[in-house]
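Values below: every heavy atom of this structure, side chains too, minus hydrogens, waters and symmetry copies. Quick note: residue numbers are just sequence positions, from 1.
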Amino acid sequence: MNEKKLKTLSATAAIAATIVAAGATTTNVHADSVNNTDSSPSNVSQKAATSQDAIDSTKESIKNTQAQESSASSNVTQQQSNTDRAKADADSASSKLDQASSAKTTAETNAASAASAVSDAQATKNEATQDNITKAQTDVSNASSAVDAASSNVNKTASSTNDAQANANQAKIEADSASNAASSAKADVDKASSQLEKDQNHAGVNPNTTSQINDTQSKINDASSSQASLSSDKAQTESDVSAAQDKASRIDTDSANNTASSAQSTVNTDQQAVDSALSAKTAASTAKDKAQSNLDTLKNSQGSVTGGSTIKLSDNATTIATTPSVLDKGPASGTQFNDVASDQNVSVDINNMTNAQAIELSSYAADLINAVRDQIGKSTIPAKNQVSVRLQVTDGAIEFAKQVAANYNSDKWSVYYYGAHDVPAITKAAANFGLADEDNFYENMTSWWGDASNTTMRMCDAKFILYDAIYRMLFDDSLSRYGHAISLLGLDVYNDDTMPAEYFAVSFDKYGNIHLEVIRPEDSYIKDQAKFNATFDTADKTLTSTGATPAQIAAAQTALNNATATYNTASGNYTAAVNKLNADTVTLNNAKVNAANVAAQKKAAQDNVTALQNKLNGINSQLSTVSQTLQTLNAKLATLKAQAAAEQKASDETQAQIANDKVVLSQKQAVYDAAQKVANDKNAALATANAKLADAESAQKDAEQALMNAKTNLSNKQAYLSKLQNADANLAAAQTAYNEALAALDTANKNYDAAKSNNDDKQAVYAQELSLLTIAQTKLQSLREQESILKDQLAVQVHAQEVAEQAAKDEAAAKEQAAKDKEQAAKDKATADKAAVEKQQAAKNNAHNGQTQGSSATGSNVKGNDRNNGSSAKTAGKTSNGKTVSGKTAAQRNGKTDVVDAAAPVALAARKTVANKRVAANGNVVDATATPAVVNGTVAEKAAAKVASDKESATVKSDKNVKAQGMAALPQTGEKQNDASVIGMILIGLSMLASVVFKRQKKSTDND
C-alpha cells in the first residue's frame, strides 16, 4: 500500500476519533436510557468535514485495488491449474507407493518361508548318515513285505466274501419261494374258512336277529318303567310349581326399595353439608395460615429491616431530573451497607422464597428506595411532581414478581445471552392479573455476579445483593441512559398521576437475574379492572425500616387468634357433618343390603318357579317321547319275530353244505401247515447265510484297512529314505530358492524406497502448490474486501462532505442574518437618537413659544408635543419589545423567553400531555391498545424532538450551547439518535476496517 493510501486511512481514523470524542454515545442493548447529544449544524460541519483530496485519494485507491484484484484473479486461476496437476501427480505417486508396499510385504513373506525351508533341509542333511540310510532301507524292505502280506490277506478275505455272498443269494431265492407257497396255501385256507362261515350264517336263526329281538324287548321294558316313573314325577312337580308360585307372590321388594331410597336422600343432604363445611374449613385454614405468615413476618422483622443501610444523594429532584448525569459522581457521604445481626443466622433460597421472606426482602428494597425519594424532595419543574407516591409491598406484587421470574426460567432467559428484558415473560404475568400486556411497563432488571446455580444463602447476603443492585442502578446507569435511576427515584410520576402508591416486589430467577417490579394502579396500566381486583391483593405488607412494632405484632396475634377460633369452629362443624354423613351412610348401606337381599330372595323364588315349570315341561316332553318310543319298539319287535321264523326255515336246507365246507377247510389247512414249515426252515437258512456274509465282509474290510496302513507306512519309509539319500541336493535347492527370495526382497525394498521418495516429493509439491493457491485466494479475497471497504469509505466521505457543505451554508446564512440584525439594530438606534434630538429641540421651541405666545398657542404646542412624545413612546416601546435590547435572544424577541430554560423536560412534558397514556419500551406514548398517542398533531416523541430543534434554531448567542435533553418515563424507553452520533459510529467502523485493510496489505507486501 502506498504512502498516500496510508495517509488517507490515517486521516479517516483521526476523523472517526474526533467524532467519537465529540458526540458518539455508547449504548447497552438491554439498558433503559435517554440520549443527550449536541446536534447543532456548526458542530457537525466542524467534526465531520472531509476534503476533496481525501475523496480523490479514495477513488484512486479503488482503481488501483481493482487492477490488483484482476491480476490476483488471473493468478488464482493459474495457481488452481498448477495445484490440480500437482494433486494428480501426488495421487499417482501414492498409488504406486501402495503397490510397492504390497510387493515388499510379499517378498518378506517369501524370504521367511525360504529361510525356513533351508533350515529344514540342513536338519535333514545332518540326519543323512550311512547308518540312518541303511536303517531306512531296511525299514522300506520290511514295509514292502508287510504290504505284500496284507495284499494276500485281502485277496483271501475277498474270496471268502464272494462265496458267502453266493450262498446268501441262493438262500434268499429259496426262502422267497417257500414264503410264496405258504402265502398261497394261506389264501386257500382263508377262502375255505370264509365259505364255511357263510354257509353257517345261513343255517338256523341269524344271531343278529335274535340279538335284536332281545335288545328291542329290553328297551320296551325300560321305556315302560320310565313311563311309570315320569308319571309319578309329573304329579309331584305340578304340586311343587303351585307351592313356589305362592311363595314368590308373598315376597315384597317395594318396601325395601323405598327404605333405601329415603336413606340415599338423607346421605345426599349430608354430603352437601360436608362439602359446605369443608369449604368453610378450607377458607378458615387459608385465613389462619395467612394470619400466621403475617405474624411470622412481623416477628422476624423486629428490629431494623435495613440494619441502618443507607444510600445518600447530594442533589435534589430538580437537578437530577434536568441533568441525570450528576448521578455519575456517585453517592454522598454517609452511604453504607450494614448487616442486621439476626440476618446472619437466617438461611434463604432466593429462588424459592417463602411469602414472609419475599415480603422482608421486598420491604428492604422498598425502604431503601423510599428513603432516597424522601431525600431528593419534589422537582420544581412545571407539570412535574416526581415523589408524590411511595413504593408499597403487597401480596399481589409479590405474586406478580414470582410469576415473572418463573416465566424467565421457563424461557431459559439469561441477560448475559439475550442482553434484554424477556418481554413475553413480563406480559404473560401481566395478563394473569388484568394488567396492560402490550409491552414491559413494570420491570427494572439487573443481574448479580454470584453463582446463580447456588441460590441458598444468608439473609444478610441476599440483602447485600439487592443493595448492590439498587446502588448500581442509581450511580452506574449512564450506559442505560439513566432509565433505571429515573424509575427508582420516582422522576417519572406527574401531578396528573393519582394513585395511593406504586405496588412493589422483588424476585430472583435461576439465571442470575434480579427483578424489581413496579405496578401502578392507574387506569392506563390496568386493562381488566375486574380481573385485577379479583387477583391482585393490594393490602400494604411493607415492613418499615425499623421493623414491626409491638402494636403491629399484637394486632397480628389478635387476627391470628380470631382466625384460629374461626378455623376451630369450622373444623368442628366439618367433623360433625362428617360423623353424621358416616352414620347415615351406614344406614343407607344396610338399607341397600336389605333391598338387595329381598330382591335376591324375590328373584330366587321366581327363578325356582321358572325352574320347576321348566322341569314339568321337560317331564311332559319326556312322557310324550317315551310313549312314541314304546309304539316304535313294539312295531319293531313284531317285525323281528317274523324274520326269525323265516330264517329258521332256510337253516334246515343248508346243513349238508356246511359238512362239505368243513372237509375242504381241513384239507387246505394241512397243505398250508406243510408249506409254512418249509418257509420257516428256508428263512432260518437265509439268516445263517446273511450272518456268514456279514462276518466275511467285516474281515475283508479289516484286511483292506491293514493293506492301506501298510502302503502308507511304506510310502513314508520310502519318502524318508529318499529325503536322506537326496539331502545334499535338497539343501542346495533350498539355499538357491532362499538366495532368490533375498534378491527379490532386496529389489522390492529398493522399489519401495524409490516409490516412497517419489511420493514424498510429489506430496511436498502438491502441499506447496496448495499453499500458494490458498495465499493467492486469500490475497484476492483481501483485495475484494479492501475494494468494498474503500467504496464504503468513499460513500461516507461524500456524505460527510455534503453534510459539511450544508452546515457551512447554514452557518453562512446565520452569519448573514446576524449581520442584518446588527444593521437593523443600528438603524433603530439612529432613529431613536434622531427622535431624542427632535424631542430636545421641541422642548426648546416650546419654552421659547411659551414666553412669546398666548395660552391657545401653548395648548396647540402641547398637543403637538404629546403627539411627538407618543410617537417616541411607541418607538421606544417597539425597541424594548423588538430587536435592539442588549442581552436578549431571538427567542425572547419573538416572545419565546421560556424555550432555553424549559427545553430539558420537553420529552416528558410532551408525553404527559395526553391523559391515560403509557410509555412503551421504544419510548413512544401509547394508549391502552399500544397505539402511538398523538400530541398536538404529532407523536409525542417526535413532538418533543421538534420542540428541542426549534429551541436550538432560535438560539443566536454563539457562546452558549444549549442541549435538548429528553428523559425516559419508565426504565424501558427507546433510544434516540442524531446526525453526529450516526456519522461518528460509521466512521468508527470505517477506521477499524481501514486498520484491517492496512494490516492485510502490509502482510501481502511483506510476502511479496
Side-chain angles (χ1 to χ4, degrees), residues 265-303 305 342 345-349 351-363 366 392-403 406 432-434 459 500-501 503-505 507 530-544 547-588:
S265 297
T266 302
V267 167
N268 293 341
T269 301
D270 291 346
Q271 185 61 58
Q272 293 176 357
V274 168
D275 294 341
S276 177
L278 178 60
S279 177
K281 177 184 177 182
T282 302
S285 177
T286 300
K288 175 187 174 185
D289 293 342
K290 189 172 183 180
Q292 183 67 60
S293 175
N294 186 39
L295 177 61
D296 292 342
T297 299
L298 292 173
K299 287 183 177 180
N300 291 336
S301 69
Q302 293 185 84
V305 173
S342 60
N345 299 320
V346 177
S347 178
V348 57
D349 181 356
N351 278 355
N352 297 283
M353 295 185 292
T354 65
N355 192 64
Q357 291 169 338
I359 290 176
E360 181 170 355
L361 287 174
S362 297
S363 296
Q392 188 177 97
V393 178
T394 69
D395 284 338
I398 288 174
E399 183 59 31
F400 177 81
K402 285 183 179 179
Q403 289 191 18
N432 291 339
F433 293 94
M459 179 63 78
Y503 301 139
F504 176 80
S507 63
K531 187 174 184 180
F532 178 80
N533 293 341
T535 59
F536 199 99
D537 188 346
T538 60
D540 186 7
K541 295 297 181 67
T542 311
L543 304 176
T544 64
T549 64
Q552 290 176 314
I553 293 177
Q557 183 64 58
T558 299
L560 175 59
N561 294 340
N562 294 336
T564 301
T566 301
Y567 171 75
N568 291 338
T569 299
S571 180
N573 293 338
Y574 173 71
T575 300
V578 169
N579 290 338
K580 186 176 186 303
L581 172 62
N582 292 337
D584 290 340
T585 300
V586 171
T587 301
L588 171 62

(message) Within the structure provided, determine whether E360 and V348 are in side-chain contact (heavy-atom separation under 4.5 Å).
(response)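 Not touching, per the 4.5 Å side-chain cut-off.
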
(request) For residues 560-576, pull every pair meeting side-chain hydrogen bond (donor to acceptor under 3.5 Å, both in side chains), keeping only residues two or more places apart or in separate chains. (result)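 Of all non-adjacent pairs touching residues 560-576, those that pass side-chain hydrogen bond (donor to acceptor under 3.5 Å, both in side chains) are Q557-N561.
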
(request) Would you please indicate if the ring centroids of F400 and Y503 are separated by under 6.0 Å? (result) no

Minimum heavy-atom separation for [X] and [Y], please, with both atom names.
X: L560; Y: A291; value: CA-CB, 3.8 Å
X: T266; Y: K580; value: CG2-NZ, 4.3 Å
X: D540; Y: Q392; value: OD1-CG, 3.0 Å
X: S507; Y: A401; value: OG-O, 2.9 Å
X: K531; Y: N432; value: CE-O, 3.3 Å
X: I398; Y: N355; value: CG2-OD1, 4.1 Å

Looking at [atom1] of [X] and [atom2] of [Y], how far apart are the two atoms once the value is rounded to the nearest 0.5 Å?
X: F504; Y: T394; atom1: CZ; atom2: OG1; answer: 11.0 Å
X: S362; Y: K541; atom1: OG; atom2: NZ; answer: 12.0 Å
X: T538; Y: N533; atom1: OG1; atom2: CG; answer: 8.0 Å
X: S347; Y: Q357; atom1: OG; atom2: CD; answer: 8.0 Å

(message) Looking at V393, is its backbone amide N or carbonyl O close enough to the side chain of T542 to form a donor-acceptor pair, meaning the two atoms are under 3.5 Å apart?
(response) yes

(message) Just to verify, which of D584, L581, T585 counts as forming a side-chain contact (heavy atoms from CB on, under 4.5 Å) with Q271?
(response)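 Single side-chain contact (heavy atoms from CB on, under 4.5 Å) partner of Q271 among D584, L581, T585: L581.
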
